[in-house]
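The structure appears below as structure tokens.
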Protein chains: 2
Amino acid sequence: MTHIVIRVVNIFFNHCVTCYTEEGAIDSSIRDISKATGLSIATISRYINDSGYVSSESAEVIKKAIKELDYVPNENARAVFKNSSNLIGIVVSSLSNPFFAEMTMHLEEKAQERGYGVILFTTNDDIDKEREAIRLLKGYRVKGIITTRTQLKSEMSKLKTPIVSFETEVNDKIITVAADNFKGGQLALKHLLERGCKKILHIRGPKSFEAAELRYLGFKDEAKRQNVNFDIVQFDSDFHVAYNLEENIGDKDITEYDGIFVFNDIAAVLILRYLLKRGVNIPKETKVIGFDNSYIGGLSYPSLTTIEQSVDGIASKCINLLLDLVEGKNIKEKRFYDPVKLIQREST
Amino acid sequence: MTHIVIRVVNIFFNHCVTCYTEEGAIDSSIRDISKATGLSIATISRYINDSGYVSSESAEVIKKAIKELDYVPNENARAVFKNSSNLIGIVVSSLSNPFFAEMTMHLEEKAQERGYGVILFTTNDDIDKEREAIRLLKGYRVKGIITTRTQLKSEMSKLKTPIVSFETEVNDKIITVAADNFKGGQLALKHLLERGCKKILHIRGPKSFEAAELRYLGFKDEAKRQNVNFDIVQFDSDFHVAYNLEENIGDKDITEYDGIFVFNDIAAVLILRYLLKRGVNIPKETKVIGFDNSYIGGLSYPSLTTIEQSVDGIASKCINLLLDLVEGKNIKEKRFYDPVKLIQREST
DNA sequence: TTGTACGCGTTATCAT
DNA sequence: ATGATAACGCGTACAA
């Protein structure tokens, strides 16, 4: 009888993790590993960080104990010690915009590949939320921050944390990564002309959206060069306002145009829908071109011709630049414009 | 002359933050505030955490110093002390799926409202990435975790951290929040019948996608009850595979059906495009209904009829339940099924 | 190769 | 009302 009991206990201690931990909800620490193995804390630390000699026998024992106790190093303690966490902050306006959703996803993937975690903040372009996000990121002592369409130019300038800004040019010191929006605007106009459009409209984004402004400027520049005119309808939001807009778009009848360049894909799909609903044949009567090449352009019918900015490439560039900064590299170049290209689909 | 110099110096010390901090890249700590104010660390701590007496004069001085030194409490140190960070972990398969993008956004917003930050991991349904995500979240001592479509049932069961699982039922102990998918499937069938459909098809999601299976089961259940038959085409992915699928969908000619229920919106929009491209008149010849009510359904033409699961409501429920768990509340109910409802649009 | 002792920024306890 | 100090878990000199 006694024998049996003893055996049970042994099985417990050899194979069952919970017997050590289930009484308290507290995670095991490096000290627990030390006690369990009979080795010193320093040795365990060296093993974990691969930062010094530890005999292969000890290594075996430690490895086993870590598994048994389900030990994971406390990143917070590490961060306190180093005065810097292993996290980077991503501040993004909204994940409802598929481009930003994809962007965020890629950023997270790349960061993970390079061994960093990601703290996410969405701001809905609310400046107070953005301010709060920055404050908290400071609190977490993140290694770096990636912002998109930031509205906090002055606060950003004061920050000591490395920053890479997507789309917005904060100041001369802070690195900006963006698609070559100006060039994209030019391409869009050229394409519409090539497709034979005569009466051209540009759906222009909100003024605070710098990238959209550059697209507009490129479009205008090329129009001047080609000596053609175009009308403009201004959107106040890239998404939310537009979404409920079933009745009228601006003060113009947009069905009268035969070529429309829209400042981004989501708005473009909306325009597509607007025109189709009014019986306009696309691309026969009206040709529509967007900007982004986000996946929704491939889902609509007709599918959307667009100017591609490579999310993947841009995300990589952002992360790589940021982590180079983090690692102390001095980067002279402060502006990176990712090439754009025309993706022709069914809408032109 | 001297006077002027002195004044300049004073202005510096009164108003310029950088003069204190620009020499070192190290953030100011509670000790710096202590030194700057001449008060003890303990007093500063009490002020910050509102956890004890501090005279109104001291409070004033501290407040000013915090602003001047741009002090933000070190969350990592707090986390070490409390053995728990102020973060929650969100593990999501992909932000390319607009439903998850919206879900993530809402989760982040709600978490922020309740004073928590968010660490994001995307897994692309890769089980190893998910495992790694969980490991790291343990390392950060997050307060709680929200998973979606988890594939790590056994690992989750071992975890001591509070978990709320979206869609997947992990075990009897772990709370699951999901839309009432079964009911949604029933509603979809009823609706197609009401709209007069005779030859019905179901596009079924990947088997590992539990929620989609429930939608299918509900659909089947209602069909049996109504004594109607339907065919099935199975998708292996909810998005990526389908995305490139321009040629054939399954082994059936789906243009022959007059009513199609698709397991989610993104796949439904794809089906819509497929049919439209082949000249099918929607909804006249074929009616299509999706599931999710994600925003893309409102962008397509014709817009998509769908079964709504309220992202907002579900996100709230997830966060609230999780934080209740975190705060030690004992929640007996382990399954929460959010009501679904039909959103009729143009595709039926 | 291993162990001891200290510092990181907080918070909490206890004394003043 | 305020201050001194121990403790949290980790990493690293430095001593053994």
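Remember, it's a predicted structure, so these values are computed and weren't measured experimentally. Protein chains get the first letters and strands the later ones, always in sequence-line order, with residue 1 at the start of each.
- Side chains of B:E130 and B:T150: a donor-acceptor N/O pair is present below 3.5 angstrom, by distance only.
- The residue A:L39 sits close only to the backbone: its heavy atoms come under 4.0 Å of sugar-phosphate atoms, none of a base.
- Nearest nucleotide to the side chain of B:R31, out of C:dG9, D:dC10, D:dT2: C:dG9.
- Nucleic acid contact for A:V80: base, since at least one base atom lies under 4.0 Å from a heavy atom of the residue.
- In this model, the phosphate group of C:dT10 is approached by a side-chain N or O of B:Y71 to a distance below 4.0 Å at OP1 or OP2.
- Between A:S45 and D:dG11, a side-chain N or O to OP1/OP2 separation shorter than 4.0 Å is present.
- Within the nucleic acid shown, A:Y47 has no heavy atom closer than 4.0 Å to any nucleic acid atom.
- Mapping B:I30 and A:A42 onto DNA chain C via the closest heavy atom, the residue that lands nearer the 5' end is A:A42.
- Side-chain N or O atoms of A:N171 include one that pairs as donor or acceptor with a backbone N or O of A:K173 at under 3.5 Å.
- At a threshold of 4.0 Å, the pair B:E155-B:K138 does not count as salt-bridged, since none of the basic side-chain nitrogens sits closer than that to a carboxylate oxygen.
- Using a 4.0 Å heavy-atom cutoff across all strands shown, A:T43 reaches sugar-phosphate atoms only and no base atom.
- Other residues, nucleotides and ligands contribute only 12 or fewer heavy atoms inside 6.0 Å of the CG atom of A:D50.
- Atom CZ of B:F81 is separated from atom C1' of D:dT5 by 12 Å (rounded to the nearest Å).
- Of the charged side-chain nitrogens involved, none lies within less than 4.0 Å of a carboxylate oxygen, so that B:K317 and B:E333 do not count as a salt-bridged pair.
- The phosphate of C:dG3 (OP1 or OP2) has a side-chain N or O of A:S40 nearer than 4.0 angstrom.
- Of the candidate nucleotides C:dT2, C:dT11, D:dG3, C:dT2 has the atom lying nearest to any side-chain atom of A:V54.
- Heavy atoms of B:N49 sit under 4.0 angstrom from primed sugar atoms or phosphate atoms, though from no base atom.
- Rounded to whole Å, the distance from CD1 on B:I41 to P on C:dA12 is 15 Å.
- Counting to the nearest Å, the P atom of C:dG3 and the CD1 atom of A:I62 are 10 Å from each other.
- Under 3.5 Å, the side chain of B:R46 and the base of D:dG3 form at least one donor-acceptor pair of N or O atoms.
- Residue A:S55 places at least one side-chain N or O under 4.0 Å from the OP1 or OP2 atom of C:dT2.
- Within 4.0 Å (heavy atoms only), B:G38 reaches sugar-phosphate atoms of the nucleic acid but no base atom.
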